[in-house]
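Below is one structure, written out as structure tokens; the observations come after it.
Naming: A, B, ... by sequence-line order, numbering from 1 per chain. Nothing here was measured: the structure is a model prediction, and the numbers come from that model. Quick note: numbers below take in every heavy atom, side chains included, and nothing from hydrogens, waters or symmetry partners.
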There are 2 protein chains.
Amino acid sequence: MVRVKVTRARIVDRAYDLLREQGLSTLSMRRVASDLGVRPGALYYHVANKQELLAVVATRVLEDFPASAADVRSAAEAFRTALLSVRDGAEVVSFVQAYRPEIVTPTRTLNRLFSTRLGPRHADWAARTVVHYVLGFVAEEQNRAELLHAGLIEEPPAEAGKPAEAFMFGVDAILNGLPRPAGT
Amino acid sequence: MVRVKVTRARIVDRAYDLLREQGLSTLSMRRVASDLGVRPGALYYHVANKQELLAVVATRVLEDFPASAADVRSAAEAFRTALLSVRDGAEVVSFVQAYRPEIVTPTRTLNRLFSTRLGPRHADWAARTVVHYVLGFVAEEQNRAELLHAGLIEEPPAEAGKPAEAFMFGVDAILNGLPRPAGT
DNA sequence: ACCTGAACACCGTTCAAGT
DNA sequence: ACCTGAACACCGTTCAAGT
């Protein structure tokens, strides 16, 4: 690559593109550095470490998530879409959620949506339930895609076809319970 | 360590103990080898690669999950307990779920439990919803614990105190819907 | 202020050669 | 059959020294 001036913004740009196109396994500090035509140590003048870089990248992954989603179903769907816009998006966001929870903006949006009908404690739990479900669902989708891409597996995603339908089934379950409810 | 004969079983034992005590970041092929007093390459005579090893370790993590859970709530709780019995348990199982889904036995147990009141398609989706939720929930718990242990974070788990209660709130939501239901 | 050079302490995996 | 020696192609991070 061309070796222009290295800036924090260019580091993040390159890291984001690397993640989008090649996935988490190719997103290394050394690779970002060499793509920018610079030695690995140079990056540490602009970012504290890899985790901080990942946190900023996660922010970008979630940046076109509509903060003003009208309802929980569409918020969940938009969250999944944002995660799928990048390879290994769920894994990155999942990690960042532990490291810097405030970066996972869908949690706040969901919290607000639930607050209209639940108390603060339950709204918080409900928001986190949806977030955990979405991250778990998409993580499996993407992990399988990566393994398939790496040739370490060959089956198509189990029952294939309609992951969007299976996904929404889970969201609806959280909201309204499973079809034909019955306790325990 | 003592350098007895290396066997597949001893490799798995050491890997499992390493995971339990030190977490995924210390579980390396080289570390397992040196603990067994052997060169890294020797392991590859007994296991194909690290992923296969992780799959076997995941089996052990889930081995005291009671296959005969009586209801979904206690199955979910037992699943979470099994994941928590080892550091980074959720991350390992989450990966293995994409690599070898059949190893994640709670999916089958849940499927069976749901089959008594749902058709096969919905029972499958319902089981996967619970599995995704549990993996997402525990992954956050454990990631935060690891970051805290590494000194990369210092807050206690957000609202602390009762993760078990928050966890069950989510399980109950999936089963019966949120408190005071209301579509979308 | 910003970057290089060079090191430190690691990875997973392969494979000829030894026993 | 099982393991060593040694390599290949990597990691993240630090830090004196240069400009």
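- The partner of D:dT19 is C:dA1, by the rule that a Watson-Crick or G-U pair needs both atom distances under 3.5 Å.
- For C:dG5, the OP1/OP2 oxygens have a side-chain nitrogen or oxygen of A:Arg39 closer than 4.0 Å.
- Ring geometry, B:Phe167 versus B:Tyr133: the interplanar angle falls under 30°, so the pair is classed parallel (tilted spans 30 to 60°).
- Here B:His46 reaches the OP1 or OP2 of D:dC3: one of its side-chain N or O atoms lies under 4.0 Å away.
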Taking only nitrogen or oxygen atoms into account, show me every contact under 3.5 Å that the protein makes with nucleotides 10-14 of chain C, one pair per line with its distance.
residue, atom, partner, partner atom, Å
C:dC11, OP1, B:Ser28, OG, 2.9
C:dG12, OP1, B:Met29, N, 3.1
C:dG12, OP1, B:Lys50, NZ, 3.0
C:dG12, OP2, B:Met29, N, 3.0
C:dG12, OP2, B:Arg30, N, 3.2
C:dG12, N7, B:Arg30, NH1, 2.7
C:dG12, O6, B:Arg30, NH1, 2.7
C:dT13, OP2, B:Tyr44, OH, 2.7
C:dT13, OP2, B:Lys50, N, 3.0
C:dT13, O5', B:Tyr44, OH, 3.3

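- Ion pair B:Arg144/B:Glu140 flagged as a salt bridge, since at least one NZ, NE, NH1 or NH2 atom sits closer than 4.0 Å to an Asp/Glu carboxylate oxygen.
- Of the residues listed (B:Leu84, B:Val138, B:Thr107, B:Leu62), the one engaging B:Phe79 in a side-chain contact (heavy atoms from CB on, under 4.5 Å) is B:Leu62, and it is the only one.
- For A:Phe169 and B:His122, the ring centers sit closer than 6.0 Å to each other.
- D:dA7 is paired with C:dT13 under the criterion used here, namely a Watson-Crick or G-U wobble arrangement in which both key atom distances are under 3.5 Å.
- A sub-4.0 Å separation between OP1 or OP2 of D:dC2 and a side-chain N or O of B:Tyr45 is present.
- Using a distance-only test at 3.5 Å, with no hydrogens or angles considered, a donor-acceptor pair links the side chain of B:Asp88 to the main chain of B:Leu24.
- B:Asp124 contributes no side-chain N or O that, together with a main-chain N or O of B:Pro120, makes up a donor-acceptor pair within less than 3.5 Å.
- Rounded to the nearest Å, the gap between the P atom of C:dA9 and that of D:dA9 is 24 Å.
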